[in-house]
Participant: 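First, the structure itself, so that you have it in front of you.
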2 protein chains.
Amino acid sequence: MVEHEDRLSRVFSALADPTRRDMVARLAAGDATVSELAAPYDVSLQAVSKHIQVLQDAGLVHRSKDAQRRPVHLDAEVFDLMTKWIERYRAQAEARYQRLDALLDRLQGKTTEDEQEQTKGAAG
Amino acid sequence: MVEHEDRLSRVFSALADPTRRDMVARLAAGDATVSELAAPYDVSLQAVSKHIQVLQDAGLVHRSKDAQRRPVHLDAEVFDLMTKWIERYRAQAEARYQRLDALLDRLQGKTTEDEQEQTKGAAG
DNA sequence: CTCGTGTTCAACCATGCGGTTGAGTACAGC
DNA sequence: GCTGTACTCAACCGCATGGTTGAACACGAG
C-alpha cells in the first residue's frame, strides 16, 4: 500500500545493501554495463539487474541504451539529499552538546558562588 | 545467521525508516525517554522500543538508566561514517563528470554516429 | 509488600527483500 | 531469418523487518 516511500527513505534503503554500495563505488569511477557490474559478485545477472533497479528508483543511477547494453550512470546529485539531512541534525546535536558542555562548565562554577567569576565560556 | 552486517549497512538501514529518521531528528534537539519518543506516533510502545534498538545496533544512539526510564541519547559521531562514504564517491563522480565535461568541450564539433539525447538539465 | 509506571521480552503475523530459475525481449552478426 | 549476447520480466522461496498483543521485569511511591 505505502509504495510511495519518500525519496530519502529510498536512498538510504538502497545504500543499506553492501553490494549496492559497492556498485555505486565502482560507478563513481565511470559508467558500466549490467554484466560488467555483475562480474565481481557471485550472484545471477538478474539479481544485479534488480539491484540496479533499486538504485534507479532511489534516483542514484539511470540507465541508457547502447545496442543490447544498458550502461549504468551514477547520478551523484542525490547524495546532497542525504548530506543535507545528516548535516542538519549533526550540527544541531553538536550545537546542543556544546551548549550542554558550556552549561556544565557554568554549573561547575555555580556550586561555589565565588568561582562564578571564572569566564570559561570561550573554552571549547 | 549473517547478523554481522557491517556498520555502514546498519546505519543506512536504520535511517531508511521515516519513523526512525524522525526520532533521530527529535533526539538531535535533546535526549528523550521511550514514551516521550513514542508519543507522536500512532504505534505501540513496543514498536518504538524496537526502533530504538535498531538505532542502537547501528551505533546511532545509546540508552542510559534513570529509575524506570531509559533516556535515549543521540550519538552523532556515526554520521561521520556516512558523510565520509558519501563524500568520497560524490567527489570522485564529480571529478569524473568535470573531466568528461572538459573532454566534450574539446571534442565539440565531432559528432558520433549515434546521437544521444541529453536530457540533463546540466549543473543545477 | 503491593501497586503503578516505564520499558523490554516473546510469540506471532503480514509484508518486503535478496536471491533463485525459466521464459521473454531486443539487438548485432553471420 | 537464425543464432548468440545482453538484459528484463515473472514466479517463486526463505528470511528479515515492522507491526501487533500479552506477559515479565525494574524501580519508586505508598
Side-chain angles (χ1 to χ4, degrees), chain A residues 1-24 27 31-58 60-73, chain B residues 1-24 26-27 31-58 60-73 112-116:
Chain A
M1 313 290 202
V2 195
E3 322 237 349
H4 267 349
E5 279 268 319
D6 60 304
R7 180 78 150 242
L8 250 192
S9 294
R10 283 197 301 256
V11 177
F12 277 124
S13 183
L15 259 21
D17 186 283
T19 305
R20 261 164 351 224
R21 271 205 314 284
D22 191 60
M23 285 177 171
V24 167
L27 284 169
D31 297 7
T33 67
V34 180
S35 358
E36 279 167 359
L37 278 174
Y41 316 120
D42 193 22
V43 298
S44 68
L45 212 79
Q46 290 94 319
V48 173
S49 187
K50 275 191 183 183
H51 279 307
I52 296 170
Q53 186 61 49
V54 172
L55 290 172
Q56 184 173 281
D57 290 346
L60 278 159
V61 305
H62 69 87
R63 279 174 277 199
S64 35
K65 299 187 67 169
D66 171 29
Q68 310 99 307
R69 263 150 249 138
R70 294 286 173 278
V72 181
H73 176 85
Chain B
M1 294 239 204
V2 195
E3 318 241 351
H4 265 350
E5 279 267 320
D6 60 306
R7 180 77 148 242
L8 211 40
S9 293
R10 283 197 301 257
V11 177
F12 276 122
S13 182
L15 257 22
D17 186 284
T19 305
R20 262 166 347 226
R21 270 205 314 283
D22 190 60
M23 285 178 169
V24 167
R26 290 167 55 217
L27 284 169
D31 298 6
T33 67
V34 180
S35 0
E36 280 166 359
L37 278 174
Y41 316 119
D42 193 23
V43 297
S44 67
L45 214 80
Q46 291 93 318
V48 173
S49 187
K50 276 191 182 182
H51 278 308
I52 296 170
Q53 187 60 48
V54 172
L55 290 172
Q56 183 173 281
D57 289 347
L60 277 159
V61 306
H62 68 88
R63 281 174 276 201
S64 36
K65 299 188 65 168
D66 171 29
Q68 312 98 307
R69 263 152 251 136
R70 295 286 173 276
V72 181
H73 176 85
T112 52
E113 61 278 326
D114 195 31
E115 269 206 12
Q116 288 188 357

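All values reported here derive from a predicted model rather than from experimental measurement. A, B, ... follow the sequence lines: proteins, then strands. Residue 1 opens every chain. Because only heavy atoms are used, hydrogens play no part in the values below, and waters and symmetry mates are left out as well, while side chains stay in.
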Participant: Rounded to whole Å, please give me the gap between CG in A/L37 and C1' in D/dA6.
Facilitator: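 Atom-to-atom, A/L37 to D/dA6, this comes out as 13 Å.
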Participant: Take the protein atom CZ of B/R21 and the nucleotide atom P of D/dG18, then report the distance between them rounded to whole Å.
Facilitator: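 Nearest whole value for this atom pair: 13 Å.
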Participant: Write down the distance between CD (B/Q53) and P (C/dA10), rounded to a whole number of angstrom.
Facilitator: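 About 12 Å, once rounded to whole Å.
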Participant: Heavy atoms only: give me the nearest B/S9-A/P18 pair and the separation to one decimal.
Facilitator: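 Minimum heavy-atom contact is OG-CG, 3.4 Å.
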Participant: Provide, to the nearest angstrom, the distance between the CD1 atom belonging to A/I52 and the P atom belonging to D/dC9.
Facilitator: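 Distance, rounded to whole Å: 12 Å.
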Participant: For residues B/V34 and B/V48, report the shortest heavy-atom separation together with the two atoms involved.
Facilitator: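 In terms of heavy atoms, the two residues are closest at O-CG1, 4.0 Å.
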Participant: Please give, in whole Å, the distance from C/dC17 C1' to B/F12 CZ?
Facilitator: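 It works out to 18 Å between those atoms.
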Participant: What is the distance from atom CZ of A/R63 to atom CG of A/D31, rounded to the nearest 0.5 Å?
Facilitator: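 CG of A/D31 is found 13.0 Å from CZ of A/R63.
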Participant: Nearest whole Å is fine: how far is D/dT8 C1' from A/Q56 CD?
Facilitator: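 Nearest whole value for this atom pair: 12 Å.
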Participant: May I ask you to verify if any side-chain N or O of B/R69 is less than 4.0 angstrom from the OP1 or OP2 atom of D/dA26?
Facilitator: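 No, because none of the side-chain N or O atoms of B/R69 sits under 4.0 Å from OP1 or OP2 of D/dA26.
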Participant: Between B/E36 and A/S13, which has a closest nucleotide on DNA chain C that is more 5'?
Facilitator: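 Checking each residue's closest nucleotide, the 5'-ward one belongs to B/E36.
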Participant: Ignoring hydrogens and angles, tell me if any N or O in the side chain of B/R10 forms a donor-acceptor pair with the backbone of B/D57 under 3.5 Å.
Facilitator: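 Answer holds: yes.
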Participant: Donor-acceptor pair, A/R20 side chain versus A/I52 backbone, under 3.5 Å?
Facilitator: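 Flag not set: sc A/R20 to bb A/I52 has no pair under 3.5 Å.
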Participant: Would you name the heavy atoms of B/A67 and B/R70 that are closest together and state the gap between them?
Facilitator: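 Closest approach of B/A67 to B/R70: O-NH1, 3.1 Å.
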Participant: In the 5'-to-3' direction, what one-character label does each nucleotide of nucleotides 19-24 of chain D receive under the scheme B = base within less than 4.0 Å of a protein heavy atom, S = sugar-phosphate only, - = no such atom?
Facilitator: BBBB--
Participant: Please check this pair: side chain of B/Q53 against backbone of B/K50, looking for a donor-acceptor N/O pair closer than 3.5 Å.
Facilitator: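 No.
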Participant: Using a strict 4.0 Å threshold on nitrogen-to-oxygen distance, state whether A/R21 and B/D6 make a salt bridge.
Facilitator: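 Yes, charged N to carboxylate O under 4.0 Å.
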Participant: Rounded at 0.5 Å granularity, tell me how far OG in B/S13 sits from CG in B/L8.
Facilitator: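 With rounding to 0.5 Å, OG (B/S13) is 11.0 Å from CG (B/L8).
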Participant: Between protein and nucleic acid, restricted to nucleotides 25-30 of chain C and to nitrogen or oxygen atoms under 3.5 Å apart, what atom pairs and distances do you find?
Facilitator:
unit_1 : atom_1 : unit_2 : atom_2 : d
C/dC27 : O2     : A/Q68  : NE2    : 3.3

